[in-house]
Structures are given as C-alpha cells and as structure tokens.
Amino acid sequence: MMTTTAVPPSPLRSWLTGCLLALLAFGACWIGAVAYWRARDGDPGTGELLFYLFLLPGALLGAALVTRKRLAEPARAPAPAPVHDVAAIPVQNSSAQSLAIRATALRSPHGASVAEVASKLTDKSARPALDATLTDPDGLPLLTARCSGADEPALQDEITAWLSTTDITAPLRDEDWRALILGTQVARELAGHAVLALQEDAKATPALQLVAILPSDWGASQRHAAGMWLQHTVAQAGWPLERIDLGAPDGTDLLDPVPAALLDQLAVRAATGPVTCLLIACASHLGDDTVAAWSASGTLFTATQPQGRTPGEGAIGLLLTNAAQSSGSALLAPLHVGRRDTSADAARAPIPPLLTNLAHAAGDPAALAMIVADTSLRPSRMLELMGFAGSAAPQLDDQQDIVTFGHASGACGAVPALSALALASHYACERSEPVLWLSNDDAFQRVAAVLRPAMAQA
C-alpha cells in the first residue's frame, strides 16, 4: 500500500508569497489613492496619507495573511475539533417588537448627530486621524478618534460648581472629564425629546428610567457623581426630579459591551405597560494613562500591532419607548446574543458561524436592506463580518449596504455598539426597510437584532 506524506511548504516559498501579498495590497491601495487624488482638487491631508498609504493596505494585508493561514490549515495535521465553539443564546422577549427608538443624540468625532455621521460614513470620510497630542512608545503620533466638543471648560466649571454644592466627591482625570462632558451634551439634547413626550400625555408617561453606561474603569465614587449629575441635567430640562429613576432596573449588569439584558428587560416591560427610558453611554480613552496601559498590555494599535485598539471617545443617547407611542420611529426586534468560546484576539482563532446563527434567529438575512455593525478595522473582525455577509446576505452591496462604525469611532466602551444601533434605526426609517444591527467588535460577545420602521408594521 502506498502512503503519502504531506510536504510542508518551504520557508522561501512562504516568504515569497508573503512579499507578493504585501506588494499587491500596498500597490493596489497606493495606485488607487494616487488616481483618486489626481482626479480631485486639493492635496491630501496627513490623515488621508496615513490611512490610504499605510493603515488600509496594512489591514488588507493582515486579512489576506489570516485567510491564507486558515485555508492552509486542513493540509496540516488534524487537530481535535473544538466542542461548543458557539454558544448562541437568544434573548427572549414576550413581544415581537414592543420597544421603539423614539429619538437619538450622538456626539462623535465625525458629527454631532446620527444623520451627520451617516453622511460622513457614506462618503467614506469618517476615519481616525493623527493625534496632535498623544504619541506611541516610540514617540510617533497615534491614530485616534477625537471629538472636538469634548473640551468645554464652561461646562466643566458648571459641573464642578454643582458638585461643590453637594457632598459628592470624585476624582476625575482629563479623559474622564471629556467623557462626562460628552455625556452631558447628549443628556441635555435627549432630555428635551423626553420632555416633549411627557407634555404630550403626562398621565400615560411613566417615570423616566435614566441609565448611564460609563467607562468600565471608573470607580464607585465616579459613577455615583456622574449619575447624580446626569439626573440633575435631565431634571433641568423639565422632567420632574421625583419621577426620574436612576440606574438599570433589577440590578442589570452594565459592564457588557452591549447592554442586551437591559434592552430585553425594557422590551418585556413595554409589552405589558408604558416605558420611557433614556439610555446614555459615554467614554473617552484619549489620555496618557490609557495609552500607557494599552501599550503595556500590547492592545494599542500601532504599525506593528494591527490587531490593537485605536483610542476613541464619544457619547450616544437613545430614548426608548413603547412602540405604540412612536409612529415614524424604528422598532427594535428581540435581541439574539451569543458568546464565543475563544477570544477573537487570540492568534489564529477560528471564526465560528456565530453571526450567521444569530442573524438567522433574528430574521431572514435575504430580506435585509442593510447591515450596520460596530466592527473596527481589525482584520479578525472584518473577516468575520464580511464572511457572514457574503454567505448569508449576498444581495447586499458591500460598499452601499454594509456600514461599519467601529473604525470611525475608535475604542470607547459601549459607545460604538449603541451608536451602530442608532445608525441602524436611522437607516431603517430612511429606507423603510429592515436593517440588521450587529455587534462583533468585542473579543467574545456577539449581538444581532433587526430594526424596522414603525410605519411598516401591520
């Protein structure tokens, strides 16, 4: 009997293949960028040069190398297949679509409203830029997603003055102040929408549930101070202070990247009674402390660490009410949540079919008009998203119908995921068609839900 032995590829051949992939990735991006710049008026900025000449081809090269390694794995000695790679846990709602996103407020590096950010995403101008202040360990400028409105001394003085009239004390770093200032701006804008709902029907409107998702590294004193200030801010807008319930109902843990359990609880309550919830998330990682910590842990995005995180900041607010109260808004279907057994950041981590399973549980992918996700430019996340979209929703155009927000916002806690949810709501109403919201930028958690315009419901 003749037996065959697999011959491993030679180091020279692997090296030549890698060089060819690098030439293709950088050559295609550079030629395309030069052709684009020659066809338009004006010279490219420093951020554009860095993005198109280095960041984009680097991400493409990383994705190509990861794909090549995974395609080559069957030729190697077989390894035992992992058991329970996918843990798909649908969150059960008692009503199909009882929760509506009545209004949104957004503060992003690329705009101060969902509509403005959507426009920037359409013309591909929403991307990180070289920071004028922060540098990497080698002294080179970092790519960051910085909000112009986060530095507001007058508002910081106002918050400080109010805190001085209370017995609340909390040390806040510069990046903490930036997060709280952005969160305050969102709270003030969204509180105005909530007060309008109260004025429409004060008897039917319940107490306002005010939920603040704050940076995960904040301590108890910082969380308490921020929560009390945001409650005061909403009361200043006209909602009675005694009718504001601060915090998540039933002690829901808000440290997950996406507060799926909270949204589920609100939907269950909305199926049986009135609900008005002001959900706010804010975070800023634009500070020397964060950069030093991420650099020390190897999780900071640099030229040698393409799987790292880009420091970002922002704030997002969602006004959630009963579907019956929200004609013209987007209705949020039941969330479907899953958790990977292996971290997406692990070297050569397999890509389980988790997104596909969750999307099919949420609805028919073939009926979708768009996908909106919090996916960043990290190769593992983009491969997962595009692999799912290509197989489950081939009718979608990857340039027009698949929108990712994580690359534009940078890493800032729950803000990218909930901002993607707000964008999905915007697109569902704009197109009058179902839109799939996905969250896959976390190392483990995956979330899927379909949003539909209220006017499309029977």
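In this chain, residues are counted from 1 in sequence order.
The closest donor-acceptor contact from the side chain of Asn440 to the backbone of Arg381 lies under 3.5 Å. Judged purely by atom type and a 3.5 angstrom limit, Asp174 has no side-chain atom pairing as donor or acceptor with the backbone of Gly287. Of the possible polar contacts, none joining the Arg173 side chain to the Glu175 backbone as a donor-acceptor pair under 3.5 Å is found. Judged by distance alone, with hydrogens and angles left aside, the side-chain atoms of Asp364 form a donor-acceptor pair with the main-chain N or O of Ala366 at under 3.5 Å. Side chain of Gln209 to backbone of Gly247: a donor-acceptor contact under 3.5 angstrom is found. Side-chain atoms of Thr290 never come within 3.5 Å of backbone atoms of Leu286 as a donor-acceptor pair (strictly under, hydrogens ignored). With hydrogens and angles ignored, the 3.5 Å screen pairs no side-chain donor or acceptor of Asp374 with any backbone N or O of Phe405. Of the possible polar contacts, none joining the His426 side chain to the Ala118 backbone as a donor-acceptor pair under 3.5 Å is found. Panel note: side chain Gln305, backbone Phe301; no donor-acceptor pair is recorded below 3.5 Å. In this structure, the side chain of Gln231 does not engage the main chain of Leu210 through any donor-acceptor pair within 3.5 Å.
Legend: residues meeting ring-ring contact (aromatic ring centres under 6.0 Å, His included) with His193, ordered by chain and number and at least two apart, are absent.
At a threshold of 4.5 Å between non-hydrogen side-chain atoms, the residues Thr342 and Phe444 do not count as touching. In this structure, the side chains of Ile371 and Leu396 come closer than 4.5 Å at one or more pairs of heavy atoms. A heavy-atom distance below 4.5 Å is found between the side chains of Pro259 and Ile213. Using a 4.5 Å cut-off on side-chain heavy atoms (C-beta onward), Leu319 and Thr276 make contact. Looking only at side-chain heavy atoms (C-beta outward), Thr135 and Leu140 stay at 4.5 Å or farther from each other. Under the 4.5 Å side-chain criterion, counting only non-hydrogen atoms from C-beta, Val447 is not in contact with His336. No side-chain heavy atom of Cys282 sits under 4.5 Å from any side-chain heavy atom of Leu180. You'll find the side chain of Leu320 reaches within 4.5 Å of the side chain of Leu263, heavy atoms only.
Distance check: Leu279 CG to Leu262 CG gives 6.0 Å after rounding to the nearest 0.5 Å. For the atom pair CD (Glu430) and CE (Met370), the distance works out to 8.0 Å, reported to the nearest 0.5 Å. Rounding to the nearest 0.5 Å gives a distance of 11.5 Å between OG1 of Thr310 and CG of Asp131. Rounding to the nearest 0.5 Å places CG of Leu246 at 9.0 Å from NE2 of His224. Atom CD1 of Ile101 is separated from atom SG of Cys277 by 11.0 Å, given to the nearest 0.5 angstrom. With values rounded to the nearest 0.5 angstrom, Leu423 atom CG is found 11.0 Å from Leu418 atom CG.
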Check the pair Glu433 / Arg452 against salt bridge (Lys or Arg N to Asp or Glu O under 4.0 Å), numbers first and verdict last. CA-CA 6 Å; Glu433 293 182 284; Arg452 291 182 172 85; over 6 Å; no

side-chain contact (heavy atoms from CB on, under 4.5 Å) for Val234 and Leu208? Distances and angles first, verdict last. CA-CA 10 Å; Val234 174; Leu208 177 68; 3.6 Å; yes

Can Arg446 and Arg340 be said to form a side-chain contact (heavy atoms from CB on, under 4.5 Å), step by step? CA-CA 8 Å; Arg446 299 292 179 268; Arg340 293 174 56 114; 3.5 Å; yes

I would like to know whether Asp345 and Arg309 meet salt bridge (Lys or Arg N to Asp or Glu O under 4.0 Å); could you show each step before the answer? CA-CA 11 Å; Asp345 294 328; Arg309 295 178 290 175; over 6 Å; no

When you look at Met382 and His407, which way does the side-chain contact (heavy atoms from CB on, under 4.5 Å) test go after all the steps? CA-CA 10 Å; Met382 287 300 297; His407 71 282; over 6 Å; no

When you look at Thr404 and Leu385, which way does the side-chain contact (heavy atoms from CB on, under 4.5 Å) test go after all the steps? CA-CA 9 Å; Thr404 59; Leu385 174 65; 3.4 Å; yes

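Heavy atoms only, all atoms of each residue included: Ser419 and Leu106 are closest at OG-CD1, 3.4 Å. Contact detail for Ala315 and Val186: the closest heavy-atom pair is CB-CG2, 3.6 Å. For the residue pair Trp437 and Leu421, the shortest heavy atom distance occurs at NE1-N, 3.5 Å. Here the shortest heavy-atom pairing between Ala422 and Ile316 reads CB-CD1, 3.8 Å. Taking each heavy atom of Ala283 and Val415 in turn, the nearest pair found is N-CG2, 4.0 Å. For the residue pair Ala443 and Ser343, the shortest heavy atom distance occurs at CB-OG, 3.5 Å.
Residue-environment remark: CG (Asp288) stays at or below the threshold of 12 foreign heavy atoms within 6.0 Å.
Defined by atom type and a distance below 3.5 Å, a donor-acceptor pair is missing between the side-chain atoms of Ser380 and Arg378. Side-chain contact annotation: Asp441 with Thr375, donor-acceptor N/O pair under 3.5 Å absent. No donor-acceptor contact under 3.5 angstrom links the side chains of Asp136 and Thr302, judged on distance only.
Between Arg107 and Glu189, at least one side-chain N (NZ, or NE/NH1/NH2) sits under 4.0 Å from a carboxylate O, which counts as a salt bridge. One finds no salt bridge joining Arg178 and Asp151 here, because no Lys/Arg side-chain nitrogen approaches an Asp/Glu carboxylate oxygen to under 4.0 Å. Salt bridge Asp401/Arg431: present, at least one basic N to carboxylate O contact under 4.0 Å.
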